[in-house]
Asker: 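Let me give you the structure first, and then I'll get to my questions.
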Amino acid sequence: MKLRFPLTALAFLLAAQFPVTGFAAGGKKLEVFSWWTSGGEAAALDALFQAYRKADPGVEIINATVAGGGGSAARPVLQARLAGGNPPDTWQSHPGWELLGQYVAANYCEPITDIYQSEGWDKVVPKGLIDLMTKDGQTYAVLVGVHRGNVLWYNKKVLQKNGINVGDKVTFDEFFAAAEKLKSAGVTPLAVGDSGIWASSQLFENTLLGTVGPQGWTALFNGKMAWDDPKVKQAAETYGKMLGYQNSDHSALTWDQAVKAVMEGRCAFTSMGDWAYGEFAKAKLKDNEDFGWVAHPGTDAAFIIVADGFTLAKGAPHRDECVAWLKTCGSKDAQEAFNPLKGSIPTRTDADKSKFGPYHNWSMTAFGSAQLVPSVVHGEAAPAAFQQALNDAITTFVVDKNANNLTQALVQAAKESETAQ
Ligand code: GAL
C-alpha cells in the first residue's frame, strides 16, 4: 500500500504556523492536531478542550489545526511531521484504513488498549467500532463521535414555498422531480462546495450507495462486485444528472459555504455528512423549523460511518497530558458536550439521549437499525491510494461527465491498491 501524499516544503511551512490557545501554568503542554476549523467544527473542538481543561487544568493546549474540510490539506502536513520525527501528541484520524494503513502500519502510534480497559470503554463502545481501530489485538485510537455521511439537508422554508414535501425517505425520482420544480422557480436545487474535491466525491459516494445498496457496497470493497458493474455506471450517470442542478460557483466554495447557501435560501438542498449540522447549530437555526434532513436518496436503510478518533503518538512529547486528553475524549461528559455541537453522535451506548435534539435522535436511531458501512471518501473503506484515485476520477468526471472513464479509473485503482498491499 502506497502513500500518495507529497511531503512538500509548503507542508513544513504550514506546520510551523499553529495557533496556540490557553496558558502554560506549570509548563505543561498538549498538542492536538486536526482539521476542525469551520464554525461548527471549531466550536465543538473547543467544547472538547474545555472538558479536558476541567480534567487536567493548567495545560497549554496547542491547537494545531490545518484548514480544509475532510482533512485533505491537513493530512499531508501531518504526514510530513510524522515522517520528520516531529509528531503532535495526538491527531484526528478516521478508523479503518486511514488509522491502521497510514499510521499504525508505519509505526507512528502507541497502542491505547490499556486505557480501554482502565476506563471500561470496552463495555460501552460497540465492538464493531473498536475492531476498526484494532490490529493484532491492540487498539490505537479513541473515537469522540460518529458522523452519518449520507444525509440530504434542506431549507425548510424554501421547500414549503415551492410546495415540496419531503417524507421520511426519498427516491432519486422524487429528488429530481423536486429539483426540476425548484429550477423552474429560479431556485438553485443543489448546493455543492467542492473547492476541496472530496465534497463532490462525497455526493458520488452517497449516490453510489443509494444505487448499489449496502450489500453492493460490501461487495465492491471485498472484490465481489467490479467497479465497472452496470450499477456503478448507473450511479455515475445519476450523479452526473445531479451535477446538472448544482450551483454554478460550486468550485469556488467550501463545504460549509455550500451549507450557508442552503441556510440563506440561495440553494435548497445539500448532500453532506452531518458535520453540516454543526453549521446550522452554530448559526442558531432550529431542527425541523429552519432546516430539515433525510437520508440521501435511496440510502435510508444504510448509514455511512464517518467516525473521528484521536491517537497517541509514539514518542509523544507530552505523553501524560495526551493520555489524560484521550481519557477525556472517551468520557461520557465530553462526548455529551462535543457531539451536539458537531453533529455526530456519541460512540458510547450509555450517553444520555435527552441531552440531544431531534436530529441527533434520528441519527442515533438509524445507527442502531440501519446497515453500517464505511466511507471511502473519509479514508475508512479503502487504502489512501484508492481514496486519492477516486478524488482524481471525480475531478475528471465533473468536467467530462463520462461514466465509462469514471468506472474504468476505479477498476484500475482497485487493481493497483490490491497489488500494492
Ligand atoms: C471529515 C471529519 C468530520 C468533518 C468533515 C469536514 O473527514 O470526519 O469530522 O470535520 O471531515 O471537515
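One-based numbering along the sequence shown. In what follows, every heavy atom counts, from backbone to side chain, and hydrogens, waters and symmetry copies are set aside. Order of appearance sets the numbers: ligands from 1, and atoms from 1 within every ligand.
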Asker: Go through the structure and list residues passing salt bridge (Lys or Arg N to Asp or Glu O under 4.0 Å) with E380, not counting sequence neighbours.
Answerer: none
Asker: So, D256 and K260, do they make that salt bridge, N to O below 4.0 Å?
Answerer: no
Asker: For ligand 1, list all ligand N or O to protein N or O distances below 3.5 Å, rounded to 0.1 Å.
Answerer:
from	atom 1	to	atom 2	distance (Å)
ligand 1	7 (O)	H94	NE2	2.9
ligand 1	7 (O)	H378	ND1	2.8
ligand 1	8 (O)	H94	NE2	2.8
ligand 1	8 (O)	D308	OD1	2.6
ligand 1	8 (O)	D308	OD2	3.4
ligand 1	9 (O)	W36	NE1	3.1
ligand 1	9 (O)	D308	OD1	3.4
ligand 1	9 (O)	D308	OD2	2.6
ligand 1	9 (O)	K342	NZ	2.7
ligand 1	10 (O)	W36	NE1	3.0
ligand 1	10 (O)	E41	OE2	2.5
ligand 1	10 (O)	K342	NZ	3.4
ligand 1	11 (O)	W35	NE1	3.2
ligand 1	11 (O)	G70	N	3.4
ligand 1	12 (O)	E41	OE2	2.6
ligand 1	12 (O)	G70	N	2.9

Asker: Q234: which residues meet the side-chain hydrogen bond (donor to acceptor under 3.5 Å, both in side chains) condition with it, sequence neighbours left out?
Answerer: none
Asker: Is the number of heavy atoms from other residues, nucleotides or ligands within 6.0 Å of NZ (K54) greater than 12?
Answerer: no
Asker: Salt-bridge test for K28 and D56: reply yes if a basic N is under 4.0 Å from a carboxylate O, no otherwise.
Answerer: yes
Asker: Identify every side-chain donor-acceptor pair in residues 117-126 under 3.5 Å, counting partners at least two apart or on other chains, and give the distances.
Answerer:
from	atom 1	to	atom 2	distance (Å)
S118	OG	D114	O	3.4
S118	OG	I115	O	3.4
W121	NE1	G330	O	3.3

